[in-house]
Amino acid sequence: MRLSQSFIPTMRQDPGEAEVISHRLMLRAGMIRKVATGIYSYLPLGLRVIRKIETIVREEMNRAGAQELLLPILSPAELWKETDRWDFYGKELVRLQDRHERDFCLGPTHEEVITDLFRREVRSYRQLPLTFYQIQTKFRDEIRPRFGLMRSREFIMKDAYSFDQDETSAQRNYQRMYDAYCRIFSRTGLQFRPVEADTGLIGGISSHEFMVLANTGEELIVFDPDSSYAANVERAEVVPPPARSPEAQKPLEKVSTPQTKSVEEVSALLKVPSNRVVKTLLYQTGNDEITAVLIRGGHQANEIKIKRYLGLHDLTLASPELVGKITNAPVGFVGPVGLSGVRILADHAVSTLTNFIAGGNEPDLHFMNVNATRDFSIDDIGDFRQAKAGDPSPQSGSPLQTARGIEVGHVFMLGTKYSEKMGATFLDAEGQSHPAIMGCYGIGIGRTAAAAIEQNHDEKGICWPMPIAPFQAQILPVTSSEAVHLASEQLYDELSQQNIEVLIDDRNERGGVKFNDADMIGTPYHIIIGDKGLANNTLEIKDRKTGEKVLLPPNQVADWIKDAIKQHLHTQS
RNA sequence: CGGGGCGUAGCGCAGCCCGGUAGCGCGCCUGCUUUGGGAGCAGGAUGUCGGAGGUUCAAAUCCUCUCGCCCCGACCA
């Protein structure tokens, strides 16, 4: 392709609107332009990357036995009402009416539509298993779209849905998708890690997220350096600490703690390590129901675990007013001693403590030497805190490490949630009717492109991994002599004929401009053609990522490039 | 939705506090010279100052309302 005739509007300056690297570089390299918050146009260069990722996804989905189809973007409210998601999905679901005032929504995901298709068409276990996928534009009216394609409202997603007749087969299908995802992300050339993920209220079976590792990632994951264990912190299990031989219980004591609310303040004032202080969080878990959760100092409550334990999908901390009503104390002085009419949950780490410090339920008061059972009673003990670096791995016991990641894919066992509600059943060999067992599997295509940039860039621009680079090689005629022009055109023809995706910068620009644009666009190989080199009968090939330079006679360049590309595509698949 | 900030030329910004009719850099157009890491000189074009209303002889500037955008917290591919 000729740069002079291409619409690749690069920007010299950083646009003010963009904060994260991938967003900035996508704008500056002329890949995308914003239309409205969280809504972008894909310009030619950006679309090429999107298409490359889609191609890899498509190939691997097909290889895994999934069949491509395309569902409508608009879907009727009736389907969503069947699963209660019309109400449950909330404001994220964009609703609209047609001219007859019938309700529709823009599909944020397609369980309802695909399940509807299934129930209309599939009757027998002989037709199973089935896995469908599509690559389609989704719309979710995100609370806060940001970071360009990383979290947009309109986005391209590959979503797949599997239907199986029994657990075993469903598990096999899940594994097949899991493996396909591993191949997909390996092939994109990205560093990634599958991690155990929260299954939410649907509960149970399995869910994994695929994280592209990047310091700017929004997700925090923990992993075990000595085993395959890795999990989203939201999900990561905390192993209960070993029981300690209890200290002798000391008498309960009141201490005055004016103005000391946080665990840090209390531990500083009383000169006691923070791991002997217990914080008491009050959650409003029903209209008239309050649940207290006890977490040790230095630990963080994990609301997802608490929600799961309580079987709730909303959990809100009690308001300061409410806290005052229940405890006669402001927030910061709440404790379990003397707390009445409140269910008390304790994290494992709290349950093994003796003689700890807790709020006194009066202003400016704490208790010392609190002991469960003697001073108050715990209703339930469980895993209610967030895992952190250094916690023992559930698999090997080694200290867990943390990393940041960008969630680019998610595989999820749905079970029969949708098939039951929507009556998507089949008849087994005995003529018995069963709901199909479903799984769903998503990949954010645009987010994958963004994640690739987060992971592969330097101060000059993008360094695309070969498999998803918009072009494989870029020719930079860097002086304006006729000889350079001829050599460039000749090489361009040669590479094009060999099906190399080559971009030639045939603009009437100075060398510096071409160098900088090429670096920003991030084509893996730059072929620099100038009078200096031609005088020695050489062209210069530069590896964008490593900066390594190779000088070669013009007639050897095409072969060299071809080999290099082959190697890149090969080693990464 | 809560908190913070910003809307002035295609892009990045100054001007606003203290009202007097809009400026800088980059880009763009023309010409000449240049041409291996964002060229030089000369000339030129470009603005409903986000929108509406108000105060005033006079509003980018002050007041009210509104719309849009960005950043920080609760969602998810």
Side-chain angles (χ1 to χ4, degrees), chain A residues 9-20 23 27-28 30 33-39 53 57 88-93 108-110 135-160 181 185 197-198 200 207 209-212 218-219 232 234 303-304 313-317 405-412 440-451 460-461 476-481 484-485 507-520 526 528-535 538-540 542 547 549:
Chain A
T10 56
M11 291 192 272
R12 188 183 289 227
Q13 276 166 311
D14 264 331
E17 72 190 48
E19 198 73 2
V20 298
H23 188 196
L27 288 166
R28 289 191 60 192
R33 285 294 184 264
K34 186 175 69 183
V35 175
T37 302
I39 300 178
I53 296 170
V57 168
F88 190 69
Y89 220 102
K91 285 189 180 165
E92 225 165 290
L93 193 62
T109 173
H110 281 74
I135 296 177
Q136 189 202 38
T137 296
K138 304 283 190 228
F139 201 100
R140 292 181 192 169
D141 203 352
E142 286 278 346
I143 293 167
R144 184 148 97 87
R146 64 188 129 166
F147 306 153
L149 294 195
M150 198 80 91
R151 179 180 299 277
S152 48
R153 293 194 290 174
E154 189 181 294
F155 60 101
I156 301 172
M157 176 163 121
K158 185 285 301 178
D159 49 326
Y181 272 44
F185 293 114
D198 182 50
S207 173
E209 290 166 340
F210 285 76
M211 299 284 190
V212 165
E218 289 186 87
E219 304 289 337
N232 194 313
E234 291 174 353
E303 295 193 353
I304 289 173
H313 45 70
D314 275 320
L315 190 66
T316 36
L317 274 168
I406 299 163
E407 183 191 353
V408 289
H410 199 157
V411 292
F412 204 108
C440 70
Y441 316 91
I443 290 181
I445 303 287
R447 185 182 280 184
T448 301
K460 308 219 91 176
L476 316 193
V478 93
T479 49
S480 61
S481 72
V484 166
H485 175 74
R507 294 175 303 174
N508 184 21
E509 286 288 357
R510 330 190 89 232
V513 173
K514 295 185 182 184
F515 281 123
N516 283 307
D517 274 353
D519 286 342
M520 191 149 64
H526 301 169
I528 297 142
I529 305 182
D531 288 307
K532 266 198 221 162
L534 283 186
T538 58
L539 308 185
E540 177 184 323
K542 191 180 96 179
K549 291 173 180 174

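Numbers restart at 1 for each chain; the letters A, B, ... are given by sequence-line order, proteins then strands. This is a predicted model, so every value here is computed, not measured.
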Go through the structure and list residues passing side chain to side chain donor-acceptor pair (under 3.5 Å) with [X], not counting sequence neighbours.
X	value
A:H526	none
A:E407	A:H410
A:E219	A:N232

Any side-chain N or O of [X] under 4.0 Å from OP1/OP2 of [N]?
X	N	result
A:T37	B:C70	yes
A:K138	B:C76	no
A:R12	B:G27	yes
A:R146	B:C71	no

When rounded to the nearest Å, what value does the distance between [atom1] atoms of [N] and [M] take?
N	M	atom1	answer
B:G15	B:G54	C1'	24 Å
B:U48	B:A60	P	13 Å
B:G53	B:A59	P	13 Å
B:A14	B:C49	C1'	13 Å

Side chain of A:A36 - closest among B:A77, B:C69, B:C71: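 Nearest nucleotide to the side chain: B:C69.
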Whole-Å gap separating P (B:A77) and CD1 (A:I143):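 My rounded result for the distance is 13 Å.
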Whole angstrom value for the distance that separates P of B:A74 from CZ of A:R151: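 Computing the A:R151:CZ to B:A74:P distance gives 10 Å.
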Base, sugar-phosphate or nothing for [X]? Non-hydrogen atoms, less than 4.0 Å.
X	value
A:E219	base
A:K158	nothing
A:S152	base

Test salt bridge (Lys or Arg N to Asp or Glu O under 4.0 Å) applied to [X] - qualifying residues, sequence neighbours left out:
X	result
A:D531	none
A:E142	A:R151
A:E17	A:K34
A:R144	none

Residues that A:H110 engages under ring pair (Phe, Tyr, Trp, His ring centres under 6.0 Å), provided they are two or more places apart: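 Applying ring pair (Phe, Tyr, Trp, His ring centres under 6.0 Å) to A:H110 gives none.
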Qualifying residues under ring pair (Phe, Tyr, Trp, His ring centres under 6.0 Å), relative to A:Y181, sequence neighbours excluded: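 Scan of A:Y181 (ring pair (Phe, Tyr, Trp, His ring centres under 6.0 Å), adjacent residues dropped) gives A:F210.
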Under 4.0 Å protein heavy-atom contacts per nucleotide of nucleotides 6-15 of chain B, with B for base, S for backbone only and - for none: -----BS---
Base-contact (B) and sugar-phosphate-only (S) positions in nucleotides 41-49 of chain B, heavy-atom cut-off under 4.0 Å, - elsewhere: ---------
Watson-Crick or G-U wobble mate for [N], both contacts under 3.5 Å:
N	value
B:U56	none
B:C6	B:G68
B:A39	B:U33

So which protein nitrogen or oxygen atoms get under 3.5 Å of nucleotides 34-37 of chain B's nitrogens or oxygens?
residue : atom : partner : partner atom : Å
B:U34   : O2   : A:R510  : NH2          : 3.0
B:U35   : O4'  : A:R510  : NH2          : 3.1
B:G36   : O2'  : A:K532  : NZ           : 3.0
B:G36   : O6   : A:G530  : N            : 3.2
B:G36   : O6   : A:G530  : O            : 3.4
B:G36   : O6   : A:G533  : N            : 3.1
B:G36   : N2   : A:E540  : OE1          : 2.5
B:G37   : O6   : A:K542  : NZ           : 3.3
B:G37   : N1   : A:D519  : OD2          : 3.2
B:G37   : N2   : A:K460  : NZ           : 3.0
B:G37   : N2   : A:N516  : OD1          : 3.4
B:G37   : N2   : A:D519  : OD2          : 2.3

